[in-house]
Amino acid sequence: MLYRKFNKTGQDVSLLGMGTMRLPLAEDGSIDEATAIEMIHHSIDQGINYVDTAYMYHKGKSEELVGKALKDGYREKVLLADKMPVWLAKDEEKMKEIFETQFERLDVDCIDMYLVHSVDGPIWRRAQKFNLMDFLYEKQAEGKIKHIGFSFHGDLDLFKEVIDMYDWDFCQIQLNYMDKEFQAGVEGLKYAASKGIPVIIMEPLKGGKLTDKLPASVKELWDNAPVKRTPAEWGLRWVANHPEVMCILSGMSNPEQLAENLRIMDQAQPNSLTEEELAIIDKASAEYNKLIQYSCTECRYCMPCPKKIDIPDNISYYNEWFLYDGNPKVKADFFTFTIEGRRASACVACKACEEKCPQHLPIAEIMAKTADLFEK
Ligand SMILES: NC(=O)c1ccc[n+]([C@@H]2O[C@H](COP(=O)([O-])OP(=O)(O)OC[C@H]3O[C@@H](n4cnc5c(N)ncnc54)[C@H](OP(=O)(O)O)[C@@H]3O)[C@@H](O)[C@H]2O)c1
């Protein structure tokens with residue numbers, strides 16, 4: 001396992017981190033506990049020292065599972081990360097209750113890495129309204145949490161604003177070769193690093209959408225590349241190639257994926273991909289992008305929507321459906337990451353957004369198609 005420095009403490013952090021949002025499942029859809037615990041133990045035995053969970057993963061069962069897996073001496077070997085889902089709290093009291101519940105589920109005295117979960121505009125405003133940062137500093141002073149960070153799903157401007165607002169210990173962004181300019185993107189990665197803030201990566205394989213149901217043109221590129229690598233290896237190597245990345249979380253859903261990713265992270269040195277290899281990855285990304293249906297640039301001029309629909313997000317899921325060949329993960333993500341009542345089906349075709357869209361997209365029509373595709 002390769003390690004990169006956590007500059008705040010001088011600690012070595014494993015390049016591969018254990019994400020626990022996509023744990024192996026039993027037939028009834030619950031976590032396959034024995035396999036999941038075995039995988040977490042194996043990952044730590046093989047040198048992984050970062051384990052990431054969250055309040056809502058696996059409907060609250062991920063935290064419990066991680067708590068169980070970290071018994072018998074494993075807790076001391078890892079940095080444990082958990083997050084505050086402020087959108088689930090109706091007020092400050094509920095937020096504090098969630099925090100207590102996390103400790104009960106995990107059965108630990110301290111969480112090493114604590115994040116404001118999934119920051120975007122509305123979530124960041126809510127976090128401020130509930131004085132979340134004051135609460136976290138208080139808990140840090142009490143020794144309940146060690147390092148304070150945030151995970152991010154908003155746009156680049158907001159990312160820079162949030163980075164500049166507090167003396168963060170670390171942050172977490174989505175990054176893969178399809179999302180170079182999406183959300184924080186590569187520019188955000190470099191911005192955080194320029195301020196000395198370590199960056200953890202999530203969704204390095206776009207939640208698995210870069211590893212299965214490959215378009216024929218992408219498969220051909222990988223097949224004809226001078227070095228033979230699996231799609232997972234191309235994806236992970238691209239992320240690891242950035243020296244600014246401290247740790248890459250992958251939500252591995254079986255022992256084979258864990259074994260492969262452990263092997264990859266033994267070799268993925270920063271700046272180790274050749275110009276030729278990077279060009280092949282760029283071509284793969286371009287091939288995927290040819291499948292995009294509507295070229296929304298996510299400028300967000302269309303917002304706010306009177307029905308509170310996140311229009312760019314909905315368009316993005318619609319596009320992803322075609323990009324990743326109707327991969328059921330796109331539909332699952334749509335329901336996980338959009339809010340009920342604010343999805344495409346809430347559109348009343350007032351077209352206020354269309355007047356503002358610099359790309360002149362037929363947004364009402366796209367919302368109807370998105371609703372048909374996912375919500376019917
Ligand atoms: N804070 C946040 O807002 C937030 C958001 C997202 C994620 N996260 C965290 O970040 C972690 C990583 O994100 P992620 O789970 O989306 O990571 P990811 O690596 O992009 O996606 C994981 C999926 O990729 C596929 N995969 C992984 N390794 C593979 C391999 N060697 N070969 C083939 N397929 C492979 C598997 O999909 P299949 O087996 O299904 O094909 C797996 O379930 C999460 O687990 C979670 O802990 C946080």
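Note that ligands are numbered from 1 as they come in the structure, with each ligand's atoms numbered from 1 the same way.
Proximity to Lys83 (heavy-atom distance under 4.0 Å) selects the following atoms of ligand 1: 1 (N). Distances below 4.0 Å separate heavy atoms of Lys329 from the following atoms of ligand 1: 37 (O), 38 (P), 40 (O), 41 (O). In the vicinity of Thr20, heavy-atom distances shorter than 4.0 Å reach the ligand 1 atoms 45 (O), 47 (O). Here is the list of ligand 1 atoms found below 4.0 Å of a heavy atom in Lys206: 20 (O). Atoms of ligand 1 lying under 4.0 Å from at least one heavy atom of Ser151, given by number and element, are 1 (N), 2 (C), 3 (O). With ligand atoms numbered from 1 in the order given, ligand 1 contributes 30 (C), 31 (N), 32 (N) to contacts under 4.0 Å with heavy atoms of Ala232. Residue Met21 has at least one heavy-atom neighbour below 4.0 Å for each of these atoms of ligand 1: 6 (C), 7 (C), 44 (C), 45 (O), 46 (C). Atom numbering of ligand 1 starts at 1 in the shown order; those under 4.0 Å from a heavy atom of Glu260 are 30 (C), 31 (N), 32 (N).
For atom 4 (C) of ligand 1, the closest non-hydrogen atom on the protein side is Met202 SD, 3.0 Å.
For the residues His153, Arg22, Met18, the heavy atom positioned nearest atom 16 (O) of ligand 1 is part of Arg22.
A salt bridge does not link Arg237 to Glu277: none of the charged side-chain nitrogens sits closer than 4.0 Å to a carboxylate oxygen. Salt bridge Lys160/Asp164: absent, no basic N to carboxylate O contact under 4.0 Å. Taking a cutoff of 4.0 Å between a charged side-chain nitrogen and a carboxylate oxygen, Lys61 and Glu64 qualify as a salt bridge.
Judged by the shortest distance from any of its heavy atoms, Phe152 lies outside the 4.0 Å radius around the atoms of ligand 1.
Close N/O approach between Phe337 and ligand 1 is not found [any backbone or side-chain N/O within under 3.5 Å].
Under 4.0 Å from ligand 1, the heavy atoms of Thr211 that appear belong solely to its side chain.
Using the six-membered ring where Trp is involved, Phe99 and Tyr114 have ring planes that are perpendicular, over 60° apart on the 30 and 60° scheme.
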